[in-house]
Number of protein chains: 2
Amino acid sequence: MNIKTRMSNQDRSDMTRKALVKAARELFIEKGYGEAGTPELVRAAGVTRGALYHHFEDKQALFRAVAENELAEVAKLIERSATTASTTMQALESGTRAYLDAMQASGRAHLLLVEGPAALGVQTMKQLNSDSAAHTLRDGLAAAMAAGEIPQLPLDALTAILDAAFDRAALEMAQGASRTDIETALSALFRGLAAAK
Amino acid sequence: MNIKTRMSNQDRSDMTRKALVKAARELFIEKGYGEAGTPELVRAAGVTRGALYHHFEDKQALFRAVAENELAEVAKLIERSATTASTTMQALESGTRAYLDAMQASGRAHLLLVEGPAALGVQTMKQLNSDSAAHTLRDGLAAAMAAGEIPQLPLDALTAILDAAFDRAALEMAQGASRTDIETALSALFRGLAAAK
DNA sequence: GAATTAAACATACAGGCTGTTTGCATGAAT
DNA sequence: ATTCATGCAAACAGCCTGTATGTTTAATTC
């Protein structure tokens, strides 16, 4: 597979793109976006800087590709784990667990929650998120409100705040915090919301 | 005051340090840590790069000084607004409002919550935070638990999650989100916690 | 209070990194 | 078979960071 002779342009492009994204993912995690240099990056990917700048407009675009990859993976994992829950709140809680699981891939939380907003900007990150699957939370909350399972509250604000809570939960877990502790605290928040009529 | 002749070394140092931190604060906000170059920075501060590297070990140290400044300001504002509340939960809620207020200074939320973790690292930022005054939340929650106002929950996890919620609340508000919406959602979370026995 | 030392810069320099340009080789199209 | 386009490779230009060196002026010492 590594032999570069006798290959269609398509395949060659796919290979180098993937090699670049993979190496970038690792180096961005290890050193952070700012400290990860393209010379080292392409060395790790086994290509040249020429290839990089042929496939990506700039370093930022490469990071964006990495982030989009991660988000797609998260979305896939969440969809895959979607079970049939009887109440909307149960669906939300199981969705939360799926999200926490999906975010435990090594370095993913750091990449998406720390490097991403600084490298691409908060706005762009928000955009990428909603392009993939973050609307899950928003929709779930809206449904729960409609079903009367939680009180009527400003949807955008509540979504943002709970989203942040989940993100931090994922980040803490990725850094070694106790999963049961985190889930206990999150559940208490959820159940409290439901009780708070 | 701008005449640089006949000044003690102390005063000269203080002046240039302050000028650097001020200019850095603005440029880091405007362009982000990575894109803010020291040549432009020192021009804005009215000093030379020589002065910068005389006072700060490197660009990161300058950012750190900016962040510490902001955190100190936040802590000051929170302490100043500390009122006597009858219940621990009331104290927590008023503390929350004070925090949100303090974080509305232009660019502050972005600096501390977006640039900071990427530029200095999540760990260092956490450290700086706890060095200044973030333990307020943790202590408040512990007190509320001890007083039986909220259920017994893993303190670290709950603190982290609520901290994240407040941070995002501050960030959203700084970006134009409705304050009443945010406070409504936050209050619901709090009251829910209290109810969730 | 003269001489020495140390602080606060200013300037010049070295290396590295990003993005661009130019050249080349090979697969695709005609 | 020839032309064209794609996928790179390599060299280049500009900028930026951190360091090293020089200069001025305040602080200290004798």
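Proteins come first, then strands; the chains are lettered A, B, ... in the order of their sequence lines, and each starts at number 1.
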Quiz item: Is it true that atom CD of B:E68 has more than 12 heavy atoms of other residues, nucleotides or ligands lying nearer than 6.0 Å?
Solution: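 More than 12 heavy atoms, drawn from other residues, nucleotides or ligands, come within 6.0 Å of this atom.
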
Is any side-chain nitrogen or oxygen of [X] closer than 4.0 Å to OP1 or OP2 of [N]?
{"X": "A:T38", "N": "C:dC17", "result": "no"}
{"X": "A:T16", "N": "D:dG7", "result": "no"}
{"X": "B:T48", "N": "C:dC9", "result": "no"}
{"X": "A:R12", "N": "D:dC8", "result": "yes"}

Quiz item: Could you walk me through whether B:E79 and B:K76 pass the salt bridge (Lys or Arg N to Asp or Glu O under 4.0 Å) check?
Solution: CA-CA 5 Å; B:E79 278 175 36; B:K76 199 179 74 182; over 6 Å; no

Exercise. Starting from the C-alpha separation in whole Å, work towards a yes-or-no answer on side-chain contact (heavy atoms from CB on, under 4.5 Å) for A:Q175 and A:H110.
Key: CA-CA 9 Å; A:Q175 286 164 12; A:H110 179 72; 5.8 Å; no

Just how far, in rounded Å, is [atom2] of [N] from [atom1] of [X]?
{"X": "B:E35", "N": "C:dC17", "atom1": "CD", "atom2": "C1'", "answer": "13 Å"}
{"X": "B:Q60", "N": "D:dC16", "atom1": "CD", "atom2": "P", "answer": "19 Å"}
{"X": "A:D11", "N": "C:dT26", "atom1": "CG", "atom2": "P", "answer": "17 Å"}
{"X": "B:R49", "N": "D:dT19", "atom1": "CZ", "atom2": "C1'", "answer": "10 Å"}
{"X": "A:L41", "N": "C:dG16", "atom1": "CG", "atom2": "C1'", "answer": "15 Å"}

Quiz prompt | Proximity to DNA chain C (any heavy atom under 4.0 Å), residues of residues 18-33 of chain A only | solution =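 By residue number: none to list.
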
Exercise. Please determine, by modelled atom types, if B:Y99 and B:D163 share a side-chain donor-acceptor pair under 3.5 angstrom.
Key: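 Side chains of B:Y99 and B:D163: no pair found under 3.5 Å.
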
Quiz item: In terms of side-chain heavy atoms, does A:S94 have a donor or acceptor partner in A:Q90 at a distance below 3.5 Å?
Solution: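 There is no such pair (donor and acceptor under 3.5 Å, judged by atom type) between the side chains of A:S94 and A:Q90.
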
Quiz item: Any chance the rings of B:F190 and B:F166 have centres within less than 6.0 Å?
Solution: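 Centroid separation for B:F190 and B:F166: below 6.0 Å.
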
Exercise. Please figure out whether A:R17 or B:G37 has its closest DNA chain D nucleotide nearer the 5' end.
Key: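 It is A:R17 whose nearest nucleotide is closer to the 5' end.
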
Practice problem: Output the single nucleotide from D:dT17, C:dG19, D:dG7 whose closest atom is nearest the side chain of B:P39. | Solution: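 Shortest atom-to-atom distance from the side chain points to D:dT17.
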
Self-check item: Closest contact, heavy atoms only, A:M89 versus A:A194
Solution: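 Here A:M89 and A:A194 meet closest at CE-CB, 4.3 Å.
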
Quiz item: Between residues 52-59 of chain B and DNA chain D, which residues have a heavy-atom gap below 4.0 Å?
Solution: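 Correct list: B:Y53, B:D58, B:K59.
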
Quiz prompt | side-chain contact (heavy atoms from CB on, under 4.5 Å) between A:R25 and A:E30, worked out | solution = CA-CA 9 Å; A:R25 194 201 117 97; A:E30 186 194 329; over 6 Å; no

Practice problem: Would you classify B:A36 as touching base, sugar-phosphate or nothing, given that sugar-phosphate means primed atoms plus P, OP1 and OP2, and contacts are heavy atoms under 4.0 Å? | Solution: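 Since only primed, P, OP1 and OP2 atoms lie under 4.0 Å of B:A36, the category is sugar-phosphate.
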
Quiz prompt | Of B:D156, B:L153, B:L162, the residue whose pairing with B:L141 passes side-chain contact (heavy atoms from CB on, under 4.5 Å) | solution =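 That would be B:L162.
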
Quiz item: Start at the 5' end of DNA chain C and walk down; is the nucleotide closest to A:R43 or to B:D14 reached first?
Solution: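 Mapping each residue to its closest nucleotide by heavy atoms, the 5'-most match is B:D14.
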
